[in-house]
Number of protein chains: 2
Amino acid sequence: MVTIKDIAKATGCSPSTVSRVIADNSRISEKTKQKVRAAMRELGYHPNLTARNLVARSTKTIAVIMPSSADTSLQNPFFSEVLRGIGSHLHSRQFSLLLASGATETEKFKEVERLVLGKYVDGIILLYSRLNDPILSFLKEQEFPFVMVGKPLQYTDDIVHVDNDNIMAGKDITEYLISQGHKRITFIGGATDLVVTIDREKGFETALTEAGLPVTEDEVIYTEFLKSGGREAVEKILKMKTKPDAVVVSDDLISIGVISTLEEHGLSVPGDISLASFNNIYFSEIIHPSLTTVDIRIYELGVESSKAVIKLCTDQKLDTKRIIIPHSIVYRNSVRAVE
Amino acid sequence: MVTIKDIAKATGCSPSTVSRVIADNSRISEKTKQKVRAAMRELGYHPNLTARNLVARSTKTIAVIMPSSADTSLQNPFFSEVLRGIGSHLHSRQFSLLLASGATETEKFKEVERLVLGKYVDGIILLYSRLNDPILSFLKEQEFPFVMVGKPLQYTDDIVHVDNDNIMAGKDITEYLISQGHKRITFIGGATDLVVTIDREKGFETALTEAGLPVTEDEVIYTEFLKSGGREAVEKILKMKTKPDAVVVSDDLISIGVISTLEEHGLSVPGDISLASFNNIYFSEIIHPSLTTVDIRIYELGVESSKAVIKLCTDQKLDTKRIIIPHSIVYRNSVRAVE
DNA sequence: CTGTTAGCGCATTCAC
DNA sequence: GTGAATGCGCTAACAG
């Protein structure tokens with residue numbers, strides 16, 4: 001391997017000079033710079049990143065912590081999309097992206113510990129949130145630079161996080177349904193311990209209440225995310241004395257299952273039941289019917305979270321701990337107006 | 001930061017002894033091991049991974065190169081799934097996973113160059129293949145340990161790659177369609193410069209030929225992957241003098257678009273047209289109709305490719321350059337038998 | 001069994 | 001402007 005010393009010898013100058021040329025130090029004459037650079041090219045020199053990181057006491061790499069690899073929610077295109085946003089911005093800032101996971105929560109914790117304590121990464125992005133997450137406590141206790149995508153269950157004012165205003169989003173989409181003449185609306189949510197689910201449902205209820213529509217417990221159904229593909233949810237709906245004329249579904253992915261199950265039971269969307277959901281993943285547009293959904297700008301969630309971690313690891317100030325990405329409704333064909 | 005020296009001082013022994021304790025060297029007395037470990041715990045010592053990597057001349061991290069982040073194919077759940085397989089196995093072998101990409105091909109090349117020449121990773125997994133890919137030439141020229149997921153366009157016998165037997169898969173699924181009584185079958189493929197597309201189509205043709213069914217050019221349609229969601233493809237079909245009674249689609253994702261477009265035109269799957277495709281992504285099961293598709297075991301593709309790179313960077317022998325993951329057909333509801 | 005020495009490849013202080 | 005010396009934190013000879 002060709003090192004800084006080799007090219008020092010080749011050019012007849014000292015290693016420190018070479019190092020300065022690499023850093024493009026202004027106190028080096030143009031002449032020697034040229035000479036040194038020529039030698040670097042000829043000998044095929046390339047700086048050893050590990051050595052550099054060691055002295056710099058920084059790796060310029062950010063770890064992204066995914067849900068446990070067993071978690072079925074990983075199937076959600078949401079993750080590829082945030083990852084794309086994160087990767088794109090990190091790269092533009094010359095940072096590397098380390099993808100970390102683990103089969104179990106314990107393994108994941110060990111991995112985070114290894115990376116943080118071993119100073120292998122400068123910052124961390126958490127792509128999920130769990131109640132009483134030991135990783136969270138650990139990171140806080142270490143005062144390690146990290147940000148979370150989504151809303152933390154605890155310490156909300158304390159943890160830097162990038163999120164949508166999901167309460168508002170839930171309210172907005174529900175109001176839209178109401179404005180289209182729907183009166184009997186049911187909410188179908190994913191895992192109940194996810195803040196997104198809770199927030200969106202909260203917005204849903206607010207909208208109903210403000211519109212003077214009744215909110216019965218019956219009107220909220222939770223379903224195992226992905227597992228049944230919303231099958232159970234639909235079965236519950238079918239058993240209702242009066243069926244809803246519209247449903248708000250907390251995730252596009254669940255919508256797919258809901259629609260197909262509905263169809264199997266001879267119910268058409270939006271013919272018999274209107275449906276609106278959240279995320280606006282790629283599929284929402286190509287499936288039939290195309291989904292009216294809240295675009296939460298997943299890519300931007302990724303970009304902003306990486307902007308935030310980079311700020312944190314470079315000791316820059318953040319204006320706020322809670323960074324909100326605006327949402328908007330994409331109107332497509334899963335909702336129809338009733339007279 | 002607490003280093004090896006600190007705990008050396010604290011225990012009154014030398015740094016090397018501490019280092020040996022970390023490595024659990026057998027020539028250290030149990031007594032001092034205990035003592036040293038106690039000190040490590042008390043002072044909160046953790047080995048600095050960068051320093052360790054520097055002397056080890058290895059980082060135990062593998063870079064996964066994704067398609068350009070602009071590439072729409074990234075939307076394909078295929079990637080999350082291979083990534084999951086790769087991550088899971090790498091982690092089990094104590095390797096880290098660096099996710100690398102770039103906005104353009106040039107940027108991606110620069111990034112790979114930086115990582116390889118900078119010795120920041122021990123090996124590379126390529127998640128795509130492009131004709132005349134400079135990255136490929138570079139890696140080969142550097143004799144850097146890398147494997148590719150999918151079949152390389154060139155140097156097929158020369159590049160370690162993990163793939164399905166897509167020709168066979170194409171043949172199998174087509175034969176199944178034929179066995180169900182279908183006679184006029186059309187192939188709908190994604191990007192024509194992808195070897196998967198080519199191979200699957202090849203298998204398709206073979207099956208037709210062997211069954212004595214005619215193969216006209218007309219029977220093969222290529223569509224922009226994801227872009228139109230198979231819309232164009234369907235429009236071409238609708239213009240045919242005699243419509244096919246079945247289609248083989250080269251990717252589940254395209255199927256979704258094809259089915260929904262077909263429905264918009266009043267054609268039902270499998271009622272009017274049977275459909276079968278490849279990959280068996282999560283959606284295939286929950287959409288309506290559920291897809292009869294070739295399960296290519298995406299997760300395993302990931303696992304095997306990481307097994308292979310690890311072997312390569314640890315100088316182990318590989319039995320073969322071409323590692324084949326077996327496929328199987330998953331029979332669901334998008335195909336019906338005709339009399 | 002343990003300590004001493006050296007060095008991984010680079011950046012940075014201090015001299016000149 | 002440039003060089004010499006020092007150290008980042010760790011491991012690996014070589015001694016003893």
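So you know, we letter chains A, B, ... as the sequences are listed, proteins then strands, and number each from 1.
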A.B. asks: Find the distance A/Tyr120:OH to D/dC8:C1' and express it as a whole number of Å.
C.D. replies: 17 Å
A.B. asks: Determine yes or no for a side-chain-to-main-chain donor-acceptor pair under 3.5 angstrom, with A/Thr320 supplying the side chain and A/Ile323 the backbone.
C.D. replies: no
A.B. asks: A/Ile7 CD1 to D/dG3 P: how many Å, rounded?
C.D. replies: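 Atom-to-atom, A/Ile7 to D/dG3, this comes out as 11 Å.
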A.B. asks: Five pairs per end, C1' atoms only: what is the angle between the end axes of the helix from C/dC1-D/dG16 to C/dC16-D/dG1, to 10 degrees?
C.D. replies: 40°
A.B. asks: Counting heavy atoms not belonging to A/Lys140, are there more than 12 under 6.0 Å from its NZ?
C.D. replies: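 Atom NZ in A/Lys140 is crowded, with more than 12 foreign heavy atoms closer than 6.0 Å.
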A.B. asks: Salt bridge check: are B/Lys110 and B/Glu113 linked by an N-O gap of less than 4.0 Å?
C.D. replies: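 Answer for the salt bridge query: no.
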A.B. asks: Checking the side chain of B/Asp122 only, and the main-chain atoms of B/Ile62 only, is there a donor and an acceptor separated by less than 3.5 Å?
C.D. replies: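 Answer holds: no.
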A.B. asks: Hey, could you give me the OH/CE distance between A/Tyr128 and A/Met66, rounded to the nearest 0.5 Å?
C.D. replies: 11.0 Å
A.B. asks: B/Asn53 has an atom CG; how far is it from atom P of D/dC8, in whole Å?
C.D. replies: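 In whole Å, D/dC8 P and B/Asn53 CG are 18 Å from each other.
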A.B. asks: Does any residue of residues 29-41 of chain B have a heavy atom under 4.0 Å from DNA chain C, and if so, which ones, in number order?
C.D. replies: B/Ser29, B/Thr32
A.B. asks: If the threshold is 4.0 Å, N to carboxylate O, is there a salt bridge linking A/Asp157 and A/Lys321?
C.D. replies: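 Between A/Lys321 and A/Asp157 there is no salt bridge, as every charged N stays at least 4.0 Å from the carboxylate O atoms.
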A.B. asks: Strictly under 3.5 Å: I want the nitrogen or oxygen pairs between protein and nucleotides 9-13 of chain C, one per line.
C.D. replies:
unit_1	atom_1	unit_2	atom_2	d
C/dC10	OP1	A/Tyr45	OH	2.5
C/dC10	OP1	A/Asn48	N	2.9
C/dC10	OP2	A/Ile4	N	2.7
C/dA11	OP1	A/Arg52	NE	2.9
C/dA11	OP1	A/Arg52	NH2	3.4
C/dA11	OP2	A/Ser19	OG	3.0
C/dT13	O4	A/Arg20	NH2	2.9

A.B. asks: Using whole Å, report how far CD1 of B/Ile28 lies from P of D/dA12.
C.D. replies: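 In whole Å, D/dA12 P lies 13 Å from B/Ile28 CD1.
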A.B. asks: Look at all strands and tell whether A/Gly118 reaches a base, only sugar-phosphate, or nothing, counting heavy atoms closer than 4.0 Å.
C.D. replies: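 The answer is nothing, as A/Gly118 stays clear of every strand by at least 4.0 Å.
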A.B. asks: Between NZ of B/Lys151 and CD1 of B/Ile159, what distance do you get to the nearest 0.5 Å?
C.D. replies: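 Output value for this atom pair is 12.5 Å.
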A.B. asks: Donor-acceptor pair, B/Thr17 side chain versus B/Cys13 backbone, under 3.5 Å?
C.D. replies: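 No; zero donor-acceptor contacts below 3.5 Å.
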A.B. asks: Between B/Glu111 and B/Lys108, is the closest basic N to carboxylate O distance under 4.0 Å?
C.D. replies: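 No, this pair does not count.
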A.B. asks: To the nearest Å, give me how far apart CG (B/Asn25) and P (D/dC14) are.
C.D. replies: 16 Å
A.B. asks: Should B/Arg322 and B/Asp163 count as an ion pair when the cut-off is N to O under 4.0 Å?
C.D. replies: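 Yes, B/Arg322 and B/Asp163 are salt-bridged.
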A.B. asks: Tell me if a side-chain donor or acceptor on B/Ser137 pairs with a main-chain N or O of B/Asp133 at a distance below 3.5 Å.
C.D. replies: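 Here the side-chain-to-backbone pair exists.
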